Amino acid sequence: MNWLPPNVSSYGHQVDQLFWVIVWITGFFFFLVQGVLLAFVLIYRAKPGKKAQYLHGNTLIEVVWTAIPAVILLLLTVASQKVWAEIRYPRFAPATSLQIELLGEQFVWNVRYPGPDSQFNTEDDIATINQLHLPVGVPVLVHVKSKDVIHSFFVPELRIKQDAVPGMNNEVWIEATQAGEFEIRCAELCGLGHYRMKGFVKTEPLIDFEAWLRETKANE
Amino acid sequence: MSSTIAVNSMETTQTGIPTAKLGMWVFLASEVMFFAGLLGAYIVLRAGTHWPHPADELNVPAAAVNTFILLSSSMTMALSVAAVHRRDTGRLRMFLLATILLGCAFLGVKGYEYSVKFHHGHLPGTGLFWDVYFTLTGIHGLHVLIGALANLWVLSLTLKRDFFERKGHLVELSGLYWHFVDVVWIFLFPMVYLI
Amino acid sequence: MSSASHQKPGFIRKYIFSTDHKVIGIQFLISSLLFMVVGGLLAMLMRWQLGWPGAPLGFMEKIAPEGMPGGVMVPEYYNMLFTMHGSIMIFFGIIPLLVGAFGNYLIPLKIGAADMAFPRLNMLSFWMFVPAAAIVLFGFFVEGGAAATGWTAYPPLSGLKETSGMGQTCWVSGVILLGFSSIFGGVNYIATIINHRAPGMSFHRMPISIWALFTTAILTVLATPVLASAMILLLLDRTLGTSFFLPAGMIINGDPLTAHAGGQPILWQHLFWFYSHPAVYIMILPAMGFISDILPTFARKPIFGYKAIAYSAVGIGAVGFLVWAHHMFQTGMNPALGTTFMISTMLIAVPTGIKVFSWLATLWRGSIRITTPMLHALGFISMFVIGGLTGIFLGSAPVDMYLHDTYFVVGHLHYVLFGGSLFGAFAGITFWYPKMFGRKMNDLLGKIHFWPTFIFFNMVMFPMFVLGMGGMPRRIYDYTQYTGLVHFKDLNQLMSIGAFCLMASQLIFMVNFFWSLIRGEKAGENPWEATTLEWITPSPPPHGNFTGPVTVYCGPYEYSVPGMKKDWQLQTEKPSGNPPR
Ligand code: HEA
Ligand code: HEA
Ligand code: CUA
Ligand SMILES: [Cu+2]
């Protein structure tokens with residue numbers, strides 16, 4: 001089923017898996033509650049001469065319906081934590097050779113590549129506006145920053161969202177697994193142009209990516 | 001109409017705590033959270049940026065004098081409450097007035113501190129340190145002012161004949177608030193001026 | 001009520017500046033319903049733009065010449081619409097409706113008191129609420145228009161004159177004033193419940209609705225001041241140029257802002273959500289309380305697991321203080337903090353589940369009467385569960401990374417706030433209307449209101465999950481800007497049609513509400529054959545509430561007691577033979 005857009009990131013399938021696990025868990029409780037509700041309302045409609053049962057509770061069943069959700073939620077938390085740590089804990093981040101600075105501004109995304117010297121803000125930097133190119137199969141560290149108000153870097157297909165907060169340098173890593181073209185959608189209200197703060201992502205084989213960098217530099 | 005009220009539970013209380021006092025305690029709990037929010041913000045902001053040594057910037061002796069003034073006023077406030085219990089109108093008025101005057105003295109010293117800072121060009125909006133200083137002490141000062149006005153109001157009520165029967169408990173309420181304002185300062189003084 | 005010639009001496013005292021908790025409750029009821037109509041109308045404009053982006057709406061040119069020149073909406077105006085829609089619905093709709101109206105009306109009646117502990121403070125609370133709303137709404141008429149930074153008002157956007165105008169200042173000031181109103185109300189509720197219970201009304205004989213309102217009051221008193229502190233700091237940032245939430249190095253429209261340094265935008269979010277997460281439980285606990293009163297009444301059965309339901313309300317309230325940063329998973333805060341908040345967020349589903357299952361068990365082997373309040377109560381369970389379960393997706397931090405700030409969140413919040421809180425409020429209004437006004441609402445019209453509301457509600461809100469999973473961000477004026485979202489146009493149109501029908505369905509409720517005031521069937525003391533104290537006194541109750549001394553002898557939900565002729569036992573009746581439990 002394609003409720004979610006196709007995934008093209010290395011950890012995306014873990015996020016999706018977790019999503020589907022939650023769909024199953026919550027789906028079960030959804031049908032349980034709606035079904036029981038409907039059934040009881042139909043079965044126990046008032047009938048003349050029939051009195052309701054005088055009943056205040058039952059400890060055993062109360063313990064059961066406290067314990068079962070508690071255990072399920074605990075397991076879900078553990079599973080979520082595993083994925084969360086892998087994506088967000090700096091100590092699990094893969095070693096990367098490529099860094100990108102993504103600077104949000106009302107209402108554009110400034111993209112900056114450090115160039116051959118791997119240092120930002122030097123002569124050989126490559127800067128674009130709203131054009132983010134990523135090599136396939138290479139983990140990339142993105143420094144998400146903002147010039148003015150809060151924005152949020154969101155690429156649905158990469159399963160990534162990271163707020164760009166002025167005064168902060170938020171580092172996230174991504175690794176594209178397929179070539180393709182996608183959109184950056186700004187996901188934090190940033191003013192009247194929030195709706196059109198759109199960027200373009202192109203994931204491509206490393207050779208093409210490097211060629212693009214050279215070409216962009218040459219055209220500067 | 002009033003007979004239907006009289007038969008009700010208005011006068012009895014379930015816990016034995018006078019309702020007005022209970023209400024004041026709940027309100028003070030709310031006030032505690034208010035200052036917790038402000039002080040929490042201060043701690044977080046201070047941890048996140050360069051912070052000057054406060055004693056170099058602020059008038060610590062003046063604040064120490066103010067601490068002494070406020071502590072004394074808490075004592076006169078306690079004496080006012082004791083005077084209510086003894087139904088001693090003369091002393092009640094005297095101590096209430098003393099509390100109010102001490103509160104005014106506190107505000108006076110604060111005003112002096114502020115005017116010196118203004119003179120040196122330190123205002124809210126001239127740097128986070130000054131923002132925090134003026135906001136925290138300003139909001140506390142507002143509380144002192146409100147407390148002093150409450151005491152003034154109670155003082156004016158003592159002119160009424162049946163004050164002790166009908167309004168005597170207000171001294172204790174006003175006192176609770178006053179002590180609270182005092183305690184807040186006991187936190188603010190070291191946090192803003194010393195460390 | 002409006003004509004001046006009908007004024008009796010003391011009219012103002014009796015209906016406007018009254019200190020009677022029942023009058024104040026009804027004042028809160030009417031005004032919050034009116035604000036909800038305003039909020040609903042704003043939503044209609046939003047739905048118009050979302051269904052048919054850029055299509056002109058002729059008559060709006062006259063009403064909002066700047067926001068909709070030529071009838072075509074501009075982006076700023078759309079931002080104002082959802083900001084004011086969210087703020088009005090939450091701050092001036094649901095909270096005053098559930099807490100202000102029902103808290104005031106029900107607490108003294110249900111615990112056997114003559115009035116609130118502090119009637120004048122109570123009046124003050126209402127008369128601060130009205131100007132607070134006026135100040136926030138006044139934003140529409142000032143230079144630059146109303147607040148437009150979302151109901152969450154994140155700085156720097158909301159903290160700089162360069163990025164938000166006078167309307168934002170109005171918004172902040174109004175919300176501060178509202179905060180005082182809430183705190184005064186909360187102090188009053190707590191003092192009243194602790195001290196003014198009638199003889200025999202122990203805590204464990206209180207109706208669940210009172211447990212819920214008590215917990216709510218505690219949340220209000222402890223959380224609102226933190227919001228107030230944040231709002232004051234934001235106001236200072238806006239007016240005096242302080243830097244609490246404003247970091248160094250910002251460049252707006254090419255101009256560097258050199259005056260600010262050291263502030264933290266994230267600090268605002270912590271303070272805001274420290275209030276606003278407890279606030280979402282402020283908005284659901286009372287509704288859960290009403291449901292817990294209504295289900296036993298119409299299932300003619302004691303509530304299942306009284307203590308578990310009561311304590312789980314307290315548990316939800318307590319844990320509710322520990323989950324706030326689940327709104328901030330993607331802000332770049334320390335991911336280990338994210339872990340902590342994920343654990344507490346998952347935990348909070350457990351007490352909520354206890355409640356849901358206990359409600360279902362209350363229906364089991366009952367003798368169910370389907371009345372309008374009961375329909376709304378059943379609708380509440382059904383819809384709230386959808387809202388709650390979708391909260392689990394958002395509570396899982398990695399999944400929230402995808403879903404945060406998409407329409408999935410918007411779907412979640414409408415299922416809990418409309419499907420939960422508002423259905424709960426409808427249940428409460430239709431249930432206690434006879435007590436409030438002495439006449440019943442029309443049951444047939446009530447049901448005719450319920451079904452379209454239920455159906456169209458789902459037609460508007462369920463597709464939001466689809467949009468969210470499809471990656472559509474919220475607070476978007478024109479999603480067709482994104483090629484990846486253009487295909488959602490049909491779905492959005494369907495939702496908009498649903499929304500218009502939903503709004504229209506509310507006319508039935510309004511008609512029923514006002515028509516029944518005059519023409520409704522006389523209710524009598526206890527039209528629902530219920531057990532709690534408000535039903536032993538005339539409808540509407542006299543000044544002072546009860547006509548004689550009240551003493552409580554049994555729990556609140558003694559229905560179908562074996563050996564009794566009638567199937568309900570009032571709390572003031574001595575148990576006959578069979579001791580409960
Ligand atoms: C009435 C209001 C209300 C209520 C009750 C809730 C209840 C919950 N909410 Fe919700 N929430 C909002 C109002 C509310 N919320 C609003 C307004 C926002 C958006 C704010 C904004 O940004 O504008 C929001 C946003 C929001 C977010 C942030 C999303 C984001 O911005 O990225 C999260 C994340 O964790 C969340 C989680 C939850 C959870 C876990 C619950 C839980 O309490 C739900 C628990 C209930 C159940 C789970 C169902 C019943 C239980 C069972 C049947 C037992 C069995 C279940 C299992 C084993 C799973 N909510
Ligand atoms: C209680 C809360 C509540 C309620 C009831 C609603 C009701 C509705 N909301 Fe609400 N909505 C929010 C709270 C609520 N909303 C919040 C908090 C946000 C987030 C804001 C933000 O992003 O900052 C939001 C955002 C939001 C958006 C997303 C905007 C965006 O992100 O771009 C949309 C879009 O469709 C929407 C639509 C609707 C619609 C069509 C209704 C319809 O249901 C409206 C139907 C009409 C009514 C419910 C009125 C009923 C009135 C009565 C019954 C009383 C009448 C009786 C008498 C006078 C006697 N809302
Ligand atoms: Cu940038 Cu929204
Ligand atoms: Cu929350």
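Nothing here was measured: the structure is a model prediction, and the numbers come from that model. Proteins get letters first, then strands, A, B, ... in listed order; numbering begins at 1 in each.
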Heavy-atom pair of closest approach, residues [X] and [Y]:
| X | Y | answer |
| --- | --- | --- |
| Thr19(B) | Ala191(C) | CG2-CB, 4.1 Å |
| Val187(C) | Gly23(B) | CG1-O, 3.5 Å |
| Thr135(B) | Phe244(C) | OG1-CZ, 3.2 Å |

Test log, rule side-chain contact (heavy atoms from CB on, under 4.5 Å), inputs Tyr275(C) and Met33(B): CA-CA 11 Å; Tyr275(C) 163 77; Met33(B) 291 305 289; over 6 Å; no
From [X] atom [atom1] to [Y] atom [atom2], the distance as rounded to the nearest 0.5 Å:
| X | Y | atom1 | atom2 | answer |
| --- | --- | --- | --- | --- |
| Leu267(C) | Tyr42(B) | CG | OH | 14.0 Å |
| Asp131(B) | Asp237(C) | CG | CG | 7.5 Å |
| Thr224(C) | Phe34(B) | OG1 | CZ | 12.0 Å |

Side chain, backbone, both or neither: which part of [X] has a heavy atom under 4.5 Å from chain B?
| X | value |
| --- | --- |
| Ala261(C) | backbone |
| Leu222(C) | both |
| Ile232(C) | side chain |

More than 12 foreign heavy atoms under 6.0 Å from [atom1] of [X]: is that the case here?
| X | atom1 | result |
| --- | --- | --- |
| Tyr112(B) | OH | no |
| Arg91(B) | CZ | no |
| Phe118(B) | CZ | yes |
| Phe180(C) | CZ | no |
| Lys21(B) | NZ | no |
| Arg86(B) | CZ | yes |

Report which part of [X] has an atom under 4.5 Å of a heavy atom belonging to chain C: side chain, backbone, both, or neither.
| X | result |
| --- | --- |
| Ala41(B) | both |
| Val32(B) | neither |
| Leu123(B) | neither |
| Thr49(B) | side chain |

N/O donor-acceptor pair under 3.5 Å between Asn195(C) side chain and Ile17(B) backbone: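 Looks like yes, one N/O pair under 3.5 Å.
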side-chain contact (heavy atoms from CB on, under 4.5 Å) between Trp130(B) and Thr242(C), worked out: CA-CA 9 Å; Trp130(B) 296 108; Thr242(C) 56; over 6 Å; no
Is the shortest heavy-atom distance from the side chain of Leu233(C) to the side chain of Leu38(B) under 4.5 Å?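 Leu233(C) vs Leu38(B): side chains touch.
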Option in Ala259(C), Ser243(C), Gly263(C) with maximal non-hydrogen atom pairs under 4.5 Å from chain B: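 The candidate making the most pairs under 4.5 Å is Ser243(C).
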Residue, of Ala20(B), Ser30(B), Gly125(B), that accumulates the most heavy atom pairs under 4.5 Å with chain C: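 Max contact count across the listed options: Ser30(B).
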